[in-house]
Amino acid sequence: MGFPHQRPRRTRQSDAWRRMVRETHLTPDAFIYPLFVVPGRAVRHAVESMPGIFQLSVDEVVKDAKAAAAAGVPAVLLFAAPAHKDARATSATDPKGLAAQAIGAIKEACPQLLVWADVCLCGATDHGHCGHVLANGAIDNDSSIQTLAEVALNYARAGADAVAPSDMMDGRVAAIRARLDEAGRATTPIVAYAAKFASSFYGPFREAAESAPAFGDRRSYQMDPANAREALREVLLDVEEGADLVMVKPAGPYLDVIRRVRDAVRVPVVAYQVSGEFSLIKAAAARGWIDERAAVLETLTGIRRAGADLIISYFAPEVVQWLRA
Ligand code: PBG
């Protein structure tokens, strides 16, 4: 009777062995926590589809930013849902607008915490699209990137440590870089949502950010979920245009894209575990169908194993606490 010569189980037989041969590690420094700011004072409004996530007024968002920083989260990603919405997204270019206020308040309260500002038009437009809409309903790329550049400059001036364009217009990274540089903001990094797919997993976010399109969908600017080769093209273009970090979004259904991007570029790769990925785990855990902590750590380990250097996750504060415990 033959015995196996190769026995991979030898290095799996105790926790000490498993720790020693572990290939992928999660570290607190890799996490970014999204925050949603809304108008008002003392507002802490639960997002129904995202248990534990809230729409927060500026005073409250400062509290959660402080708590995240105290837990050891190095960065937050800020989304604003201003009250005033119009066709030109003027709230987003206003130096006294909601996002600018929140950025300033967070930086004042926690100077060490990095504030990444999401740059898009959808939260500040009445039509909810990520660019300007023409009379025929089409999205006007080239006027949109001019406005996006103004939004980015506004947030950089408000104190943002990075601007993160999530609109998926062509050429916006170059437009933003040029505008920041000419305005004396050459040191503000750009985190480009480079490969952002038109995903069904953004549903819960649109409740939180009040950014669902009033008509149509985002498929003329966000990517077709079937395309990985095109994702590489998008990423390489953004790097060429000056992106300092590139992002793949969502994360879980696109692990192959994360791997290919990691192998193709020299800048840090960020993956966004989006709202729907969060809500699926929360919903199953609430029913007792899944062990929440184990599932969260497994999904995040998978995202990191695929090649993500950094992960944006609604689980960030909890995970960082688990990792530090
Ligand atoms: C807006 C934006 C979206 C997300 C981040 N920025 C939604 C969308 O494109 O419709 C999704 C984040 C999430 O689902 O957690 N441009």
Side-chain angles (χ1 to χ4, degrees), residues 31-37 47-55 76-82 85 89 91-92 99 116-125 127-133 139 141 144-145 147-148 151-152 155 160 162-170 172-173 176 190-225 234 238 246-254 270-283 296 299-300 303 308 310-316:
F31 287 95
I32 300 106
Y33 183 50
L35 289 171
F36 299 101
V37 64
V47 178
E48 212 182 314
S49 55
M50 301 178 73
I53 302 296
F54 299 86
Q55 293 181 313
V76 294
L77 174 62
L78 190 76
F79 295 95
K85 299 179 200 278
S91 299
W116 293 8
D118 185 89
V119 171
C120 200
L121 305 190
C122 58
T125 47
H127 48 65
H129 276 287
C130 304
H132 295 312
V133 179
I139 307 298
N141 192 88
S144 300
I145 65 178
T147 304
L148 288 158
V151 174
Y155 296 169
V163 290
S166 64
D167 52 284
M168 286 301 279
M169 297 299 127
D170 294 334
R172 89 276 205 217
V173 173
I176 290 170
I190 298 175
V191 182
Y193 286 70
K196 177 174 177 179
F197 291 89
S199 173
S200 56
F201 290 91
Y202 304 151
F205 171 94
R206 292 179 187 170
E207 179 193 341
E210 302 172 4
S211 69
F215 64 90
D217 55 47
R218 303 205 200 289
R219 287 181 294 176
S220 81
Y221 40 104
Q222 298 180 350
M223 288 191 55
D224 184 332
E234 283 281 8
D238 281 3
V246 291
M247 193 193 303
V248 175
K249 173 188 175 186
Y254 300 91
V270 188
Y272 196 148
Q273 182 182 50
V274 303
S275 56
E277 299 178 78
F278 172 85
S279 298
L280 287 185
I281 294 175
K282 281 288 185 189
V296 169
T299 56
L300 295 171
I303 293 165
L310 304 175
I311 304 174
I312 302 168
S313 173
Y314 299 95
F315 294 114

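Indexing begins at 1, ligand by ligand and atom by atom, following the structure's order.
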Considering only the protein, which heavy-atom contact is closest to [atom], and what is its distance?
| atom | result |
| --- | --- |
| atom 6 (N) of ligand 1 | Lys249 NZ, 3.3 Å |
| atom 12 (C) of ligand 1 | Phe205 CD1, 3.2 Å |
| atom 1 (C) of ligand 1 | Cys122 SG, 3.4 Å |
| atom 16 (N) of ligand 1 | Lys196 NZ, 3.0 Å |
| atom 14 (O) of ligand 1 | Ser275 OG, 2.7 Å |

ask   = For Tyr314, is the NZ or CZ atom of Lys282 found under 6.0 angstrom from the centre of its six-membered ring and inside 45 degrees of the ring axis?
value =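 Cation-pi check for Lys282 and Tyr314: fails.
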
Candidate with minimal heavy-atom separation from atom 10 (O) of ligand 1, of Glu277, Arg206, His129, Met247 =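 Looking at heavy atoms only, the winner is Arg206.
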
inquiry  = Considering Met168, Gln273, Arg218 one by one, which has a heavy atom nearer to atom 8 (C) of ligand 1 than any of the others?
reply    =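 Selected option, by shortest heavy-atom distance: Arg218.
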
[X] neighbourhood, listing ligand 1 atoms whose heavy-atom distance to it stays under 4.0 Å:
| X | value |
| --- | --- |
| Ser166 | 1 (C), 6 (N), 16 (N) |
| Phe79 | 5 (C), 6 (N) |
| Tyr272 | 12 (C), 15 (O) |

request  = Report the distance from atom OG of Ser211 to atom CZ of Phe205, rounding to the nearest 0.5 Å.
outcome  =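 These two atoms lie 4.5 Å from each other.
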
ask   = Can we call the ring centroids of Phe31 and Phe315 under 6.0 Å apart?
value =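 Between Phe315 and Phe31, which both carry aromatic rings, the centre distance is not below 6.0 Å.
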
query = Would a distance-only check, ignoring hydrogens and angles, find a side-chain to backbone donor-acceptor pair under 3.5 Å from Lys249 to Val274?
reply =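 No; judged by distance alone, with no hydrogens or angles, the pair does not exist.
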
query = Can you find a side-chain donor-acceptor pair between Glu277 and Thr299 that sits under 3.5 Å?
reply =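 Looking only at side-chain atoms, Thr299 and Glu277 do not form any donor-acceptor pair under 3.5 Å.
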
Determine whether [X] and [Y] make a side-chain contact, defined as any pair of heavy atoms from C-beta on separated by less than 4.5 Å.
| X | Y | result |
| --- | --- | --- |
| Met168 | Arg218 | no |
| Val119 | Arg172 | no |
| Ser275 | Arg206 | no |

Does ligand 1 have any atom sitting under 4.0 Å from a heavy atom of [X]?
| X | answer |
| --- | --- |
| Ser211 | no |
| Tyr314 | yes |
| Gln222 | yes |

ask   = Heavy atom under 4.0 Å from ligand 1: found in Cys130's side chain, backbone, both, or neither?
value =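 Within the 4.0 Å criterion, Cys130 contacts ligand 1 through side-chain atoms alone.
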
task = Evaluate the ring planes of Phe79 and Tyr272, with Trp represented by its six-membered ring, and classify them as parallel (under 30°), tilted (30 to 60°) or perpendicular (over 60°).
result =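 Because their plane-to-plane angle lies in the 30° to 60° range, the rings of Phe79 and Tyr272 count as tilted.
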
